[in-house]
Amino acid sequence: MDSQNSTEVVHDFSPRFLIYKDGRVERLRKDVIAPASHDPSTGVHSKDVKISESASARVYLPDNISENTKLPVFIYYHGGAFCQFSAFNTRYHKYLNSIVSEANVIAVSVNYRLAPEYPIPACYEDTWDVTKWVLSHSAGTGPDPWIAQWGDMSRVFLAGDSAGGNMSHNMLAQAAREGLLNQKTKIEGVILVHPFFSQGQLDLDEIVDFLSERKMGVMDPRFNPIAYPEQMKKEVACDRVMVCVDKEDELREVGIAYYEALKGSGYEGKVELLETCGGGHVFHLKNQEHEKSCEFLKLMASFINQS
């Protein structure tokens, strides 16, 4: 192997990743993995499930559920600019344990292929495979015994941070387009945390352009839904939406633009803007014991448990 090719950087997307001349990708933020387990501090069990050749998920279940109990189903999409981390990351694993305990839900944390090795839209394809798999459970039936027995499929919630916020919107839109939602299988609410959409963030637009092999421009509806208000109104097929922004986040204006576009689109559900002060982008994951993070967790749980 040519040693120069193995050390020469041809694409520098610091602090996310580098690509070397020999094609090697080096991610600069390491994905530290936590195994599925029983977490004694929250009383939550987890297990890993393979959904397709490329998609998988981690399913979470709280302790001490009676036989006839039905719990909301919470689907979570991790962030990382479409190119970092996994559902099995220690931060995400810890956070999912906490939200399952706090909100008393069954959770499904979605794992998908990362760009640039698997260019966008591979991530959307995998997240859809998992979302469709979850929505296939109904009336006590379905491939996963935890969801089949205890999941209330009339109370499904989607949530995600950063790129995962983008995916939350797009998975809801695809479920609506494919006619999978009805009174028995219903997405009740969506939580977009510091969502990653196109709104003049040139460095982020450049990343998506590169990661999609120049096939996903800034006007692609998956990346820029607010440019299509009529489509947005039809595809946000849920009762409630909460958009979360933070005053110190570079994506703050992106989230506010999404909130205002949805309100102005004629969407008939309830849309609310939750603005935090000074935590920064995905602060709730970085320091989960901090007072602001704990308060944010409780607000997410409260949104889920509203009647």
Exercise. Asp161 side chain to Gly164 main-chain N or O, any donor-acceptor pair under 3.5 Å?
Worked result: no
Seminar exercise, completed: Looking only at heavy atoms, the pair that brings Ala87 and Ser109 closest together is CB-OG, 3.5 Å
Exercise. From Leu114 CG over to Ser86 OG, what is the distance, rounded to the nearest 0.5 angstrom?
Worked result: 8.0 Å
Exercise. Looking only at heavy atoms, what is the nearest atom pair of Asn104 and Pro72, with distance?
Worked result: O-CD, 3.8 Å
Exercise. Which of parallel (below 30°), tilted (30 to 60°) and perpendicular (above 60°) describes Phe303 and Phe157?
Worked result: perpendicular
For this session: Please round to the nearest 0.5 Å and tell me the distance separating atom OG1 of Thr69 and atom CG of Asn64.
Result: 10.5 Å
For this session: Please step through side-chain contact (heavy atoms from CB on, under 4.5 Å) for the pair Met242 and Val190, ending with a clear verdict.
Result: CA-CA 6 Å; Met242 182 166 71; Val190 177; over 6 Å; no
Exercise. Hey, is Arg113 close enough to Glu53 for a salt bridge, meaning N to O under 4.0 Å?
Worked result: no
Problem set entry | Thr42/Val100 under side-chain contact (heavy atoms from CB on, under 4.5 Å): CA gap, chis, key distance, verdict | CA-CA 8 Å; Thr42 56; Val100 167; over 6 Å; no
Exercise. Is His281 close to Ser162 at the side-chain level, that is, under 4.5 Å between some pair of heavy atoms?
Worked result: yes
For this session: Output all residues satisfying side-chain contact (heavy atoms from CB on, under 4.5 Å) with Lys298, sequence neighbours left out; order by chain, then residue number.
Result: Glu102
Exercise. Under the side chain to side chain donor-acceptor pair (under 3.5 Å) criterion, do Ser66 and Asn68 qualify, and how do the steps go?
Worked result: CA-CA 6 Å; Ser66 62; Asn68 296 319; over 6 Å; no
For this session: Kindly compute the distance separating OG1 (Thr131) from CG (Asn170), expressed to the nearest 0.5 Å.
Result: 10.5 Å
For this session: Could you tell me whether a side-chain N or O of Ser293 sits under 3.5 Å from a main-chain N or O of Asn287, the two making a donor and an acceptor?
Result: yes
Exercise. Is any side-chain heavy atom of Arg29 less than 4.5 Å from a side-chain heavy atom of Phe17?
Worked result: no
Problem set entry | Residue pair Tyr60, His45: steps toward the ring-ring contact (aromatic ring centres under 6.0 Å, His included) verdict | CA-CA 6 Å; Tyr60 294 81; His45 296 268; over 10 Å; no
For this session: Using modelled atom types only, decide if a donor and an acceptor are shared between the side chain of Ser302 and the backbone of Leu299 within a distance under 3.5 Å.
Result: no
Exercise. With sequence neighbours left out, what residues match Phe296 under side-chain contact (heavy atoms from CB on, under 4.5 Å)?
Worked result: Tyr95, Val193, Cys244, Leu274, Thr276, Phe283, His284, Met300
Exercise. Is there a path from Tyr92 to Val32 through hydrophobic residues (I, L, V, M, F, W, Y) whose side chains come within less than 4.5 Å of each other?
Worked result: no
Problem set entry | Aromatic ring pairing His137/Trp133, orientation class (parallel under 30°, perpendicular over 60°, tilted between) | perpendicular
Exercise. Tell me, do Thr185 and Leu180 make a side-chain contact under 4.5 Å, heavy atoms counted?
Worked result: no
Exercise. Would you call Val44 and Leu61 a side-chain contact if the rule is heavy atoms closer than 4.5 Å?
Worked result: no
Exercise. Is it the case that more than 12 heavy atoms not belonging to Lys30 sit under 6.0 Å from its NZ atom?
Worked result: yes
Problem set entry | Verdict with reasoning, Phe223 to Phe197, per ring-ring contact (aromatic ring centres under 6.0 Å, His included) | CA-CA 5 Å; Phe223 193 45; Phe197 294 111; 7.5 Å; no
For this session: Show the numbers, then the answer: is there a ring-ring contact (aromatic ring centres under 6.0 Å, His included) between Phe196 and Phe82?
Result: CA-CA 10 Å; Phe196 183 170; Phe82 308 98; 5.4 Å; yes
Exercise. Side chain of Tyr112, backbone of His78: donor and acceptor closer than 3.5 Å?
Worked result: yes
Problem set entry | Distance-minimising heavy-atom pair for Lys247 and Arg252 | CA-CD, 3.7 Å
Problem set entry | Same cluster (ILVMFWY, side-chain, under 4.5 Å), Tyr20 and Tyr118 | no
Exercise. How far apart are the C-alpha atoms of Val9 and Ile19, what are their side-chain angles, what is the distance that settles it, and do they pass the side-chain contact (heavy atoms from CB on, under 4.5 Å) test?
Worked result: CA-CA 6 Å; Val9 174; Ile19 299 181; over 6 Å; no
Problem set entry | Under 3.5 Å donor-acceptor, Asn305 side chain and Ala301 backbone | yes
For this session: Answer whether the closest heavy-atom distance between the side chains of Glu272 and Lys270 falls below 4.5 Å.
Result: yes
Exercise. Between Arg24 and Leu18, is there a donor-acceptor pair closer than 3.5 Å when you use the side chain of the first and the backbone of the second?
Worked result: no
For this session: Go through the steps for Met171 and Lys132 under the test side-chain contact (heavy atoms from CB on, under 4.5 Å), then give the verdict.
Result: CA-CA 9 Å; Met171 294 306 102; Lys132 184 168 57 173; over 6 Å; no
Problem set entry | Carboxylate-amine/guanidinium proximity below 4.0 Å for Asp239 and Lys186 | yes
For this session: Might you confirm whether atom CD of Glu178 has over 12 heavy atoms from other residues, nucleotides or ligands at distances under 6.0 Å?
Result: yes
Problem set entry | Members besides Phe88 in its Ile/Leu/Val/Met/Phe/Trp/Tyr cluster (side-chain heavy atoms under 4.5 Å) | Ile33
Problem set entry | Test item: Glu8 and Asp22 side chains (from C-beta on) under 4.5 Å apart, heavy atoms | no
For this session: Answer yes or no for Lys47 and Trp146: cation-pi contact, defined as NZ/CZ to six-membered ring centre under 6.0 Å and angle to ring axis within 45°.
Result: yes
Exercise. Would you say Lys215 has more than 12 foreign heavy atoms packed within less than 6.0 Å of its NZ?
Worked result: no
Seminar exercise, completed: Value for NZ (Lys184) from CG (Asp152), rounded to nearest 0.5 Å, stands at 12.5 Å
Seminar exercise, completed: What one should report as the nearest heavy-atom pair of Cys238 and Gly189 is CB-N, 4.2 Å
For this session: Give a yes or no answer on whether the side chain of Arg27 reaches the backbone of Cys83 with a donor-acceptor pair at less than 3.5 Å.
Result: yes
Exercise. Looking at Tyr124, does the NZ or CZ of Arg222 lie under 6.0 angstrom from its six-membered ring centre and within 45 degrees of the ring axis?
Worked result: yes
Problem set entry | Any donor-acceptor pair under 3.5 Å from Asp246 side chain to Gly279 backbone | yes
Exercise. Are Glu289 and Lys94 within salt-bridge range, i.e. N to O under 4.0 Å?
Worked result: yes
For this session: Using a cut-off of 6.0 Å, state whether more than 12 heavy atoms not belonging to Lys70 lie near its atom NZ.
Result: yes
Problem set entry | Side-chain ion pair, Lys263 and Glu260, N-O less than 4.0 Å | no
For this session: Quick one: pull up CG in Leu181 and CD in Glu188 and give me the separation to the nearest 0.5 Å.
Result: 12.5 Å
Exercise. Would a 4.5 Å heavy-atom cut-off, applied to side chains only, mark Tyr76 and Val108 as touching?
Worked result: no
For this session: Any chance you could measure His11, atom NE2, to Leu211, atom CG, to the nearest 0.5 Å?
Result: 10.5 Å
Problem set entry | Considering all heavy atoms, the nearest Ile106-Gly151 contact | CD1-N, 3.6 Å
Exercise. Are His93 and Asp39 close enough that a side-chain donor and a side-chain acceptor fall under 3.5 Å?
Worked result: no
Seminar exercise, completed: Heavy-atom closest pair (Gly280 atom, His194 atom, distance to 0.1 Å) is O-CE1, 3.6 Å
Exercise. Do the non-hydrogen side-chain atoms of Ile75 and Val156 ever get within less than 4.5 Å of each other?
Worked result: yes
Problem set entry | Sidechain-backbone polar pair: Ser101 side chain, Ser98 backbone, donor-acceptor under 3.5 Å | no
